[in-house]
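Every chain is numbered from 1 and lettered A, B, ... according to where its sequence line falls, protein lines coming before strand lines. Not measured: the values here are computed from a predicted model.
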2 protein chains.
Amino acid sequence: MTAALTKAQDQFIAVWGQMAGAWGISRTMAEVHALLFIVGDPMCTDDVMERLQISRGNASMSLRALLDWGIIERSHKRGDRKEYFSAEQDVWSLFRAIVRERIAREVDPLLASLYEIRDMTPADRARRGEAAEDDRAKIEAHNKRIDEMVEFFRVLEKIGHRFVSPSGRGLQLAAMLLGRLPEGAGEAR
Amino acid sequence: MTAALTKAQDQFIAVWGQMAGAWGISRTMAEVHALLFIVGDPMCTDDVMERLQISRGNASMSLRALLDWGIIERSHKRGDRKEYFSAEQDVWSLFRAIVRERIAREVDPLLASLYEIRDMTPADRARRGEAAEDDRAKIEAHNKRIDEMVEFFRVLEKIGHRFVSPSGRGLQLAAMLLGRLPEGAGEAR
DNA sequence: CGGTCGTTTCAGAATACTCTGAAATCACCG
DNA sequence: CGGTGATTTCAGAGTATTCTGAAACGACCG
């Protein structure tokens, strides 16, 4: 392995690790993924530990979490009891998986909460009391804000689903958005 | 102010605060934004401090950060030396601002790093040595991975810019996505 | 079964991040 | 200018998150 390649890999791992914070996952988890992605070949726990200088426990937990996200997979070598892991190599598949998970983990629960919040201030209840003309207006304005927020996330969720669902769709979507993009860009794998 | 409204506001603030982690900002910053958004009216530092039970320093820093993100703005009341803050009320404008900032803070630097990494393993250098047929293949595979990643983020950046730029576009974009992929989708802009 | 190799778990240590509060700074007023 | 009140800053305290390492667990083998 050339020195330049190793350096480039390390650099990539570092850069990907930086992003972690902004994406809401731990640095190490991102680094483990970066490593598997950029190396390309399956690696076992010990390989990962050594290359990233992390503990066995940390490696195990990070790999497990990446499996839960569906962006790495297990494999085995004949006559070897160890488990090997490798990352999804297709960048669009990778991000489809990430979008799928983030919708499920963040957007859906958020929408559920927003619906509940909306139900806390029903418009008709506000109308009952006469004394509080002012309150009624406040509640209506509040409801409008919540409703618009709900609407936004519903649209976002739909876009997400469209991006995620039929494999290969992601690229078409992007191409569409960009107007005329060179068509051959990303045919089926 | 009705009790139900206050409770709903608090709930909204809590939910928005939860999201913070996943979005790479601090909980308090998200809560301050949620408060200003859901209340609608301008509030001064002391109002924020009292409602969220946070220190003056924390409130000041959070408000400053939100100003930097461009999602709240300063205002003043005649004959009052205090500064008041209010959140952008239009949900689509809000998210346009967020997308704009995240592109600038995350995607652009990432792309710059990826270009650098790509330049660390020029294909021609790999071709020089004869001894390492194997290394050459490795480097080419590596370069392909980096190139695909670059391409992905370039597309993402373009989509982002399209979403962000002309005001009002966001909604059209979304509507477009939700229609059944009409042909005229990406006409000139 | 007992042994061996590999994986998972988790309490406590290490680290990173956030918040506080008081002092410094700023801005306006008379 | 000096005074008043608002705002910013930042070192240290407080919290939350992540990591380690060793013990428990699991799985296969002879």
Within residues 27-39 of chain B, which residues have any heavy atom lying less than 4.0 Å from an atom of DNA chain C? B:T28
Could you tell me how far apart A:Q18 (CD) and C:dA16 (C1') are, to the nearest whole angstrom? 14 Å
Taking DNA chain D as the partner, which of residues 54-83 of chain A come within under 4.0 angstrom of it by heavy atom? A:I54, A:S55, A:G57, A:N58, A:R81
Which residues pass the ring-ring contact (aromatic ring centres under 6.0 Å, His included) test with B:F85, not counting sequence neighbours? none
Can you give me every donor-acceptor pair (side chain of residues 72-80 of chain B, partner residue at least two apart or in another chain, under 3.5 Å) with its distance?
unit_1 : atom_1 : unit_2 : atom_2 : d
B:R74  : NH1    : B:E83  : OE1    : 3.2
B:R74  : NH1    : B:E83  : OE2    : 3.1
B:H76  : ND1    : B:K82  : O      : 3.4
B:D80  : OD1    : B:K82  : N      : 2.9
B:D80  : OD2    : B:Y84  : OH     : 2.8

Could you list the donor-acceptor pairs under 3.5 angstrom formed between side-chain atoms of residues 15-33 of chain A and any protein atom two or more places apart in sequence or on another chain?
unit_1 : atom_1 : unit_2 : atom_2 : d
A:W16  : NE1    : A:H33  : ND1    : 3.2
A:S26  : OG     : A:M29  : N      : 3.3

Of all residues at least two apart in sequence or in a different chain, which pass the salt bridge (Lys or Arg N to Asp or Glu O under 4.0 Å) check with B:R100? none
To the nearest angstrom, the CD-C1' distance between A:Q53 and D:dG21 comes to 15 Å
Rounding to a whole Å, what distance do you find between B:D46:CG and D:dG5:P? 13 Å
B:E116 meets the side-chain hydrogen bond (donor to acceptor under 3.5 Å, both in side chains) criterion, sequence neighbours left out, with none
Looking only at heavy atoms, the pair that brings B:F37 and B:Q89 closest together is O-NE2, 3.2 Å
Distance-only donor-acceptor hits, side chain of residues 54-63 of chain A, under 3.5 Å, sequence neighbours excluded:
unit_1 : atom_1 : unit_2 : atom_2 : d
A:S55  : OG     : A:N58  : N      : 3.1
A:R56  : NH2    : A:D46  : OD2    : 3.0
A:S62  : OG     : A:N58  : O      : 3.0

B:R118 meets the side chain to side chain contact (heavy atoms under 4.5 Å, CB included) criterion, sequence neighbours left out, with B:N143, B:I146, B:D147
Rounded to whole Å, CD of B:E50 lies from P of C:dT20 at a distance of 15 Å
